[in-house]
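What follows is a short report on a single structure.
Lettering follows sequence order; numbering is per chain, from 1. The shown structure was predicted, so the numbers you read here are calculated from the model rather than taken from an experiment.
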Protein chains: 2
Amino acid sequence: MSIRQIIRAIDLHSKKLSKESGLTGPQLILMRSIRELGDVTIKELSNKTNMSQATATAILDRLERNGYVIRVRSTTDKRKVHAQLTEEGRHLLAKAPLPLQQSFINKFQKLEEWEQSLLLSSVQRISAMMNAEDIDVAPMLEIGSITNAE
Amino acid sequence: MSIRQIIRAIDLHSKKLSKESGLTGPQLILMRSIRELGDVTIKELSNKTNMSQATATAILDRLERNGYVIRVRSTTDKRKVHAQLTEEGRHLLAKAPLPLQQSFINKFQKLEEWEQSLLLSSVQRISAMMNAEDIDVAPMLEIGSITNAE
DNA sequence: TACAAAATATTCGTCTACGAATTAATTTTG
DNA sequence: CAAAATTAATTCGTAGACGAATATTTTGTA
């Protein structure tokens with residue numbers, strides 16, 4: 001139930017974002033990845049952002065339709081397609097807000113350091129337990145700050 | 001990133017479920033709620049399951065189309081519509097698996113009691129921080145077992 | 001070299017999810 | 001009591017998400 005509420009909160013925020021800045025959460029994540037990785041293929045993008053290629057293609061369709069991204073077919077390997085930010089996309093991205101609610105970030109940052117670490121490692125641990133099919137449960141110890149992560 | 005991985009793991013499991021048992025995660029959740037609440041309205045269902053009425057209507061459409069649920073218009077208040085499980089739906093539900101991966105449940109149950117509590121309260125706390133717009137952060141202390149919850 | 005296998009992106013069908021608009025019924029209020 | 005406000009459900013349009021199927025290209029091997 002709690003996880004579903006988190007999913008919903010993120011989704012609702014994404015839709016609010018979309019009204020205010022013209023970009024949804026997933027679109028924002030994809031564009032940030034393109035900016036970070038440079039001249040990147042769809043495959044690399046979908047790996048990096050943890051979504052299927054089909055989903056990345058669909059989101060890129062919309063970004064391209066709106067003029068924020070262009071596709072360029074690779075010349076060395078014609079199977080590959082590279083995504084690039086347009087000037088407009090780069091500009092929009094620069095002033096777009098974060099894919100998490102500001103009020104959540106504020107609250108999180110007000111917590112003690114050890115509390116932040118605890119919450120983060122709990123989520124990472126649940127993720128690991130859900131994604132590793134067979135591997136035994138092991139504590140997750142790598143911990144960073146929510147704001148400089150990603 | 002970790003939260004997105006959790007969301008994805010739940011979604012992938014839901015689609016696997018759907019192939020095996022004919023019901024997706026959300027459909028399962030809705031049907032369990034109907035069984036639990038009895039002769040329940042769409043509004044009550046959407047509150048209980050934390051989804052919008054529009055979403056509940058869409059999921060019920062599919063459940064009704066497949067013959068697992070029927071809609072009955074209320075006689076005392078004709079705005080309301082009650083959802084009921086059919087015999088087939090009740091039967092299917094009885095043998096349907098849980099909306100979480102069994103391997104996750106196994107791993108979770110192998111953890112120490114205090115670790116289970118810690119993970120659960122962490123998730124609940126994040127949910128509270130994301131959903132309460134203005135309220136200050138307060139520790140969440142109510143903790144139950146993952147299996148008898150819901 | 002030729003042909004099978006693998007890789008890459010896209011398309012298609014389906015489901016979840018939402019807000020806004022709409023329709024119908026009930027309750028409140030002037 | 002009639003108009004206004006509220007409530008309940010549905011419809012519509014849009015976005016995200018996936019697997020399977022498909023088209024094209026590259027790679028590996030017989």
Practice task
Could you tell me whether the side chains of B:Ser127 and A:Ser2 share a donor-acceptor contact shorter than 3.5 Å?
Solution key: no

Problem - d(CG, A:Asp61; C1', C:dT11) in whole Å - result: 10 Å

Handout entry: Salt bridge flag under 4.0 Å for residues A:Asp61 and A:Arg71
Key = yes

Exercise for the section: Have a look at B:Ala54 and say if it touches a base, only the backbone sugar-phosphate, or nothing, with a 4.0 Å heavy-atom cut-off. Expected result: base

Problem - B:Asn66 (side chain) donor-acceptor with B:Tyr68 (main chain) under 3.5 angstrom - result: no

Exercise for the section: Measure the distance from CZ on A:Arg65 to P on C:dT10 and round it to the nearest whole Å. Expected result: 15 Å

Handout entry: same_hphob_cluster(B:Ile6, A:Leu12) at 4.5 Å side-chain heavy-atom cutoff
Key = no

Problem - C:dT22 phosphate, OP1 or OP2, under 4.0 Å from B:Arg79 side-chain N/O - result: no

Fill in the blank from the handout: The answer to which of A:Gln53 and B:Ile42 contacts DNA chain D further toward the 5' end, by nearest nucleotide, is B:Ile42

Practice task
Report whether A:Ile105 and B:Val123 are members of the same hydrophobic cluster (ILVMFWY, side-chain heavy atoms less than 4.5 Å apart, transitive linking).
Solution key: yes

Problem - Rounded interatomic separation in angstrom, taking CD1 from A:Ile59 and C1' from C:dA9 - result: 15 Å

Practice task
Determine the contact category for B:Thr41: base if any of its heavy atoms lies under 4.0 Å from a base atom, sugar-phosphate if only primed atoms, P, OP1 or OP2 are that close, otherwise nothing.
Solution key: sugar-phosphate

Problem - Residue whose nearest DNA chain C nucleotide is more 5′ - A:Asp77 or A:Lys19 - result: A:Asp77

Problem - Identified side-chain contact (heavy atoms from CB on, under 4.5 Å) counterpart of A:Val69 within the set A:Leu85, A:Leu30, A:Thr86, A:Ile59 - result: A:Leu85

Handout entry: Atom-pair distance (CG on A:Leu60; P on C:dT8), nearest Å
Key = 16 Å

Completion exercise
Whole-Å distance, B:Lys80 NZ to C:dT26 C1', equals 10 Å

Handout entry: Shared hydrophobic cluster for A:Leu37 and A:Ile29 (ILVMFWY, side-chain gaps under 4.5 Å)
Key = no

Exercise for the section: For A:Thr55, report the nucleic acid contact type (base, sugar-phosphate, nothing); a contact means any heavy atom under 4.0 Å. Expected result: base

Fill in the blank from the handout: Its 5'-most and 3'-most nucleotides having an atom under 4.0 Å from a non-hydrogen atom of chain B, DNA chain D is contacted over D:dT7 to D:dA20

Problem - Value in whole Å for how far the C1' atom of C:dT16 lies from CG of B:Leu28 - result: 15 Å

Fill in the blank from the handout: The residue, A:Thr76 or B:Arg71, whose nearest nucleotide of DNA chain D is more 5′ is B:Arg71

Handout entry: Whole angstrom value for the distance that separates C1' of C:dT14 from CG of B:Leu12
Key = 15 Å

Problem - Nearest-angstrom distance from the residue atom CG of B:Asp11 to P of C:dT14 - result: 17 Å

Practice task
Name the nucleic acid region contacted by A:Arg62, choosing base, sugar-phosphate or nothing; use a 4.0 angstrom heavy-atom cut-off, strictly under.
Solution key: base

Practice task
Looking at every strand, decide which applies to B:Ser74 at a 4.0 Å heavy-atom threshold: base, sugar-phosphate, or nothing.
Solution key: nothing

